[in-house]
Amino acid sequence: MLYIGLDLGTSAVKLLLVDENGGIHNSATREYPIAFPKPGWSQQNPQDWLDAVVDGIGALLQGYDASQVAGIGIGGQMHGLVVLDENDQVIRPAILWNDGRTDKEVQYLNQVVGQYKLSEYTANIAFAGFTAPKLLWMRKHEPELFARIDKIMLPKDYINYKLSGVHCTDVSDASGTLLFDVKNKRWSPEMLDLCGVQQRQLPHIYESYQKVGTLLPHMAQTLGLPESVVIAAGAGDNAAAAVGTGTVGDGACNISLGTSGTVFIASREFGVDENNALHSFAHADGTYHLMGCMLSAASCNKWLMEEIFHTKDFAAEQAPITRDKLGRNHVYFLPYLMGERSPINDTHARGAFIGMTMDNSRADLTQAMLEGVAFGIRDSLEVAKKLGISVKRSKICGGGAKSPLWRIIMANVLHMKLDIIASEEGPSMGGAMLAMVACGAYGSVEEVCHKLVQVVDTIEPEEELAARYEERYRQFQKIYPAVKPLFPELL
């Protein structure tokens, strides 16, 4: 049988057609626009997602027997607010994960309601990207639209709803709403009261690998698929990527260098760090995980190359950065181009180069950018270390991980082994694997991960280079605290 895995990303949906042995038969990508109506705002039209999914599935199935498709699973961008009225019409553009308009709402939640209470209710504190602050913003600034809300959902759940007719979400994606009691895997009544919403407006909660329904007749006809195709609950993109990379089981780690950068640490036990610097979420395998998320990772590279250097030849820009230069750069980069989440939680933070002199080159700036992102990832791992979690090695995936130079920098900044897997499809492969479990092809998420995920290479840290980066990281740690007071004045 065949399975369709979707990765509903920020700029495009990526689709895979996969068999039960993990063989990739076909792939497709469909892009869609993103709007920035005001500085710091980020929105999309949910209909654009659906159109891209429908068109992408059509392309994916060209030349294949659609009757062999057993299930569809989706990994999707997290935290976005999608709201429908009683006629199932989208009320306003979806407010995305990287939208920063909710600064006042975040301050209210963290300072007035209080971080201790939020952590008690949800295991997390408020971040600008989370869904609950968006609801508070909408209630204050768009009260007429807020009053029309009949259904609240997350981006991938909108697709599942349109495919199956079931108003559903999964535990991993729900964890990022700040409306969800992560420990007990249920909606938090206290948070619903705070946000002025009712439980009936929220989707039914499933484990990520559970079946939520099958294709609606009209969608089956549109897609050319059988009505019997199972729709899995799916997962937030990071949890889906963790499944796709086999990051299950106690202490397993995955680092993703995508548009955002994440550190994902699986845990069989529920846990929260005392400052809530890391997110404490439910995992797609039925357990829990800790996650650090920096808002700009590979997007820093794209910004510097395309917007500043006006080139798309990323490899050429990295070519002058030879081994002897690693760990010896005196230019530093703060990777806070969209503000920052983990672990500093500062919407005012901004990107910055510091330490430049007249003899610095484009290559020095490129190297500083690559190192700055690696230092930002390490910041989250330092928090995990304080919890007594010792991560010795990690999988690494995402567009940034395709750069051999960046992988070397990451391994030595983090001072750990980094495993490269055979398939770097991330959330789309994870979605397909969740669909396999939902269809009964495998008995558990751990089983399908052990069967399908294969490590093909390992990047080892070098003691001398890791020591040089240790010194550089200690310098990097001093920069943000020194410039933090300036950022609000620059807005």
Side-chain angles (χ1 to χ4, degrees), residues 1-19 24-33 44-77 80 82-91 93-94 150-151 153-170 173 203-204 206 210-235 237 240 425 427-432 434-436 438-439:
M1 301 300 290
L2 298 173
Y3 302 87
I4 295 174
L6 306 178
D7 172 12
L8 190 76
T10 311
S11 58
V13 61
K14 301 172 185 176
L15 308 94
L16 289 182
L17 187 64
V18 185
D19 63 38
I24 297 174
H25 291 252
N26 202 3
S27 64
T29 300
R30 292 294 183 270
E31 296 182 349
Y32 32 71
Q44 280 178 328
N45 180 359
Q47 185 63 43
D48 290 340
W49 303 332
L50 183 62
D51 292 344
V53 167
V54 170
D55 190 59
I57 289 178
L60 197 70
L61 295 174
Q62 286 291 326
Y64 291 89
D65 182 358
S67 70
Q68 293 300 301
V69 175
I72 298 174
I74 183 168
Q77 52 168 300
V82 182
V83 285
L84 307 185
D85 64 18
E86 62 181 5
N87 297 314
D88 281 348
Q89 297 301 305
V90 174
I91 294 173
D150 186 67
K151 292 182 178 67
M153 58 187 75
L154 294 152
K156 77 165 194 336
D157 303 327
Y158 177 76
I159 300 301
N160 277 347
Y161 177 68
K162 300 302 283 188
L163 293 178
S164 69
V166 180
H167 188 210
C168 59
T169 192
D170 82 290
D173 220 357
H204 183 72
Y206 291 83
Q210 288 183 316
K211 170 185 174 180
V212 301
T214 55
L215 278 177
L216 291 167
H218 76 275
M219 285 304 303
Q221 185 175 9
T222 298
L223 297 171
L225 289 168
E227 292 180 25
S228 60
V229 169
V230 168
I231 308 300
D237 52 4
E425 301 296 343
S428 50
M429 178 60 78
L434 291 171
M436 294 176 199
C439 291

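When a residue number appears, it is its place in the shown sequence, counting from 1.
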>> Is it the case that atom CD in Q221 sees more than 12 heavy atoms from other parts of the structure closer than 6.0 Å?
In response: no
*Would a distance-only check, ignoring hydrogens and angles, find a side-chain to backbone donor-acceptor pair under 3.5 Å from N87 to Q89?*
no
Smallest heavy-atom separation, A12 atom then T29 atom, equals CB-CG2, 3.8 Å
Taken to the nearest 0.5 Å, the spacing of Q210 CD from H204 NE2 works out to 7.5 Å
Query raised in the report: So, do T169 and K156 sit near enough that their side-chain heavy atoms are less than 4.5 Å apart?
Result: yes
Looking only at heavy atoms, the pair that brings V230 and A438 closest together is CG1-CB, 4.1 Å
Check: Q77 side chain, G9 main-chain N or O, donor-acceptor pair, under 3.5 Å
yes
Student check: side-chain heavy atoms of Q47 and Y32 closer than 4.5 Å
no
Nearest heavy-atom approach of L215 to P226 is CD1-O, 3.6 Å
Okay, side chain of Q44, backbone of T10: is any donor-acceptor separation there less than 3.5 Å?
-> yes
### Task
Measure from the side-chain N and O atoms of D85 to the backbone N and O of I91, and report whether any donor-acceptor pair falls under 3.5 Å.
no
To the nearest 0.5 Å, atom OG1 of T222 lies from atom CG of L50 at 9.0 Å
Exercise for the section: Determine whether V13 and W49 make a side-chain contact, defined as any pair of heavy atoms from C-beta on separated by less than 4.5 Å. Expected result: no
One should read off an interatomic distance between L16 CG and L2 CG, to the nearest 0.5 angstrom, of 12.0 Å
Notebook entry, point to check: Is there side-chain contact between L434 and D170, with at least one heavy-atom pair below 4.5 Å?
Noted result: no
(message) Any side-chain to backbone donor/acceptor pair from D150 onto D88? Under 3.5 Å, distance only.
(response) no
| said: Please check if the number of heavy atoms outside K151 that lie under 6.0 Å from its NZ is greater than 12. | reply: yes
The reported gap from CD1 in I4 to CD1 in I57 (rounded to nearest 0.5 angstrom) is 4.5 Å
Residue pair V18 / M436, side-chain heavy-atom distance below 4.5 Å:
yes
When rounded to the nearest 0.5 Å, the distance separating OH of Y206 from CG of N160 is 10.5 Å
Distance col, row I74:CD1 vs L8:CG, nearest 0.5 angstrom, shows 5.0 Å
Task: Side-chain touch V54/M219, heavy atoms, less than 4.5 angstrom - done: yes
| Under 4.5 Å between any side-chain heavy atoms of V69 and L17, yes or no? | yes
Problem - Donor-acceptor pair, side chain of Y161 and main chain of V166, under 3.5 angstrom - result: no
Heavy atoms of G165 and L216 approach each other most closely as N-CD1, 3.6 Å
Pairwise side-chain contact, I72 with V229, heavy-atom cut-off 4.5 Å (strictly under) = yes
